[in-house]
Amino acid sequence: MRLAFTSGELSLAGMRASALAADFGTPLYCYDEQTLRQRCRSLKSLVSLENFQVYYSAKANGSVALLKIIQSEGLLADAMSPGELLAATEAGYDPKDLLFVSNNVSTEIFGEIAQAGVVKCCVDSLGQLSRWLKARPGGRAVLRINPAQGAGHHQKVVTAGKVKFGIDPALIPEAITQAQALGGEVKGLMVHIGSLFLDPEPWLKAVDWLLAIAEQYPQIDYIDFGGGMGIPYDRSQEAEFPVAVFGQALEARLTAWMDKTGRRPTFAIEPGRFVVAESGVCLIQVQSVKINQGTSFTGTNLGFNFLIRPEMYGAYHEILAATKAGEGSSTNVVGNICESGDYLGKDRNLPALEEGDLLVVRDTGAYGFSMASNYTGMGRPAEVLIGLDGQARLIRRRESPEQLLQNQIY
Ligand code: LLP
């Protein structure tokens, strides 16, 4: 999101924060089309091989209006539920181009996605492999392999080693035989080591590891290295993920592998956060300012039901005052939920704030709205997209209390 402080207030991609709050209310998830398109383009040009594909991982943000932009930039998409599949289809993706990344999926859901036209499915166990091939006779499968060593910003998002994900590489021959017996075929291999690393080394290690395995199986024509490339949430401490360096290192490996093996499979990655995180912010309002037991608290209307990352992972999001400037002092920015863990940011230096002031929580485009819940009976926030024309457009209405009741039977 392009942010600028002009005439005493913050503007978001050219729109005044106070105007956005007045027009759409708060909390408000806001996205900047220009930033989103730039991120898509930097990934499109990551590797110049035409057999290299980028699947946007829709779990980071499955809003259809954003998926449409991502699709128009030429990124493919992955989905992991019928809901994500439907959102991607609504955005214009053809189900046959999507990658369904499954984890502990029911027979019914495999049936549903096969019916919807999905042909590429990544499976996570031998049982899941046979369920998928029974749902789609003669189908193809991608095996998610556990590379034993992962990376990520928190133990909860490291997805290799002693975790529930992936298939032991020793089981690949058995998976191939099992697929053949069901009239299908194992055509792909995939790894996803975890989420949010700013050092490309662990990822490149996993790339080498998977390429070495793929070399042993000539029928493999799809090799997917997952996602995980991070963004610097704390810009004062962290540097950006070195996209160009990573791209060159990856391309060199893929080219060397193709030269050595004489094979030309499709290579893929599945980034989520990198595509959408920085295009989004959450605009929120200060509801109370107080000193409690000698500690300063700034109470806002953004609780962990709507942005769970700080509470769930201790994640850092930069918080900016949108309607005040000047000398700062330390305060704890908290939400409006009935739990003491409901922090947005601890010990933040912010100008003297008053009730009604607006704040901006940065980098909430990924795993912000998509992880929001209705805990404490609150309807989830609205979302707006600030387009290339500089206009803000509502892309998701705020949920009403009545909508929260609509599936209840009483
Ligand atoms: N592929 C697979 C199989 C995944 O499970 C994920 C993310 C991705 C790709 C995309 O990863 P990314 O590029 O976004 O790191 N809620 C956490 C992140 C969870 C990631 C889950 N899987 C957070 O807010 O940090």
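Note that the structure is a prediction, hence the values are computed from the model and not measured. Ligands are counted one by one from 1 in listed order, and the atoms in each one are counted from 1 as well.
At least one N/O-N/O distance between R273 and ligand 1 falls below 3.5 Å.
For H153, every heavy-atom contact with ligand 1 shorter than 4.0 Å involves the side chain, none the backbone. Heavy atoms of K156 found under 4.0 angstrom from ligand 1: none, in either backbone or side chain. If you look at H192 next to ligand 1, the close heavy atoms, those under 4.0 Å, all belong to the side chain. For M371, every heavy-atom contact with ligand 1 shorter than 4.0 Å involves the side chain, none the backbone.
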*For side-chain hydrogen bond (donor to acceptor under 3.5 Å, both in side chains), just list the numbers for S63 and R396, CA-CA rounded to whole Å, side-chain angles, deciding distance to a tenth of an Å, and then say yes or no.*
CA-CA 8 Å; S63 296; R396 188 191 298 259; 3.1 Å; yes
*asked:* Before you tell me yes or no, could you show the steps for D342 and V334 under side chain to side chain contact (heavy atoms under 4.5 Å, CB included), namely the whole-Å CA-CA distance, both residues' side-chain angles and the distance that decides it to 0.1 Å?
replied: CA-CA 6 Å; D342 187 25; V334 295; 5.5 Å; no
_Could you go through L196 and V157, starting from their C-alpha distance and side-chain angles, then the distance that decides it, and tell me whether this counts as side chain to side chain contact (heavy atoms under 4.5 Å, CB included)?_
CA-CA 8 Å; L196 205 174; V157 296; 5.8 Å; no
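Atom 21 (C) of ligand 1 has as its closest protein heavy atom K59 CD, 3.9 Å. Here the protein heavy atom with the shortest distance to atom 15 (O) of ligand 1 is S195 OG, 2.4 Å. Of the protein's heavy atoms, E270 OE1, 2.6 Å lies nearest to atom 1 (N) of ligand 1. Scanning the protein for heavy atoms near atom 17 (C) of ligand 1, the closest one is Y313 OH, 3.1 Å. Looking at atom 19 (C) of ligand 1, its nearest protein heavy atom turns out to be V157 CG1, 3.8 Å.
Checked against side chain to side chain donor-acceptor pair (under 3.5 Å), E215 has the following partners two or more places apart in sequence or in another chain: K260.
More than 12 heavy atoms of other residues, nucleotides or ligands lie within 6.0 Å of CD in Q406, so this atom counts as buried by the packing criterion.
Between K324 and E354 there is a salt bridge, since at least one side-chain N of the basic residue sits less than 4.0 Å from a carboxylate O of the acidic one. Checked for salt-bridge contact, K59 and D78 meet the test: a charged N lies under 4.0 Å from a carboxylate O.
Just one of N146, N104, N103 meets the side-chain hydrogen bond (donor to acceptor under 3.5 Å, both in side chains) condition when paired with D124; it is N103.
If you number the atoms of ligand 1 from 1 as listed, the ones under 4.0 Å from a heavy atom of V101 come out as 3 (C). Less than 4.0 angstrom separates some heavy atom of R144 from each of these atoms of ligand 1: 3 (C). Listed by number with element, the atoms of ligand 1 under 4.0 Å from a non-hydrogen atom of G272 are 10 (C), 12 (P), 13 (O), 14 (O). Of all the atoms in ligand 1, the ones that sit under 4.0 Å from a non-hydrogen atom of R309 are 23 (C), 24 (O), 25 (O). For ligand 1, the atoms closer than 4.0 angstrom to any heavy atom of P271 are 13 (O). Ligand 1 places these atoms under 4.0 Å from at least one heavy atom of M190: 3 (C).
One option in Y56, Y367, F274 has a heavy atom closer to atom 14 (O) of ligand 1 than any other, and that option is Y367. With distances taken over non-hydrogen atoms, the option nearest atom 12 (P) of ligand 1 out of G228, A277, A60, S370 is G228.
Classification of the F297-Y343 ring pair by plane angle, with boundaries at 30° and 60°, yields tilted. Note on ring orientation: taking the six-membered ring where Trp is involved, the planes of F267 and F225 are parallel (angle under 30°, cut-offs 30° and 60°).
Close placement of the F304 and Y375 rings is indicated, their centers lying within 6.0 Å of each other. F165 and H192 have their aromatic ring centers separated by at least 6.0 angstrom.
The shell of residues lying under 4.0 angstrom from ligand 1, judged by heavy atoms, excludes M80.
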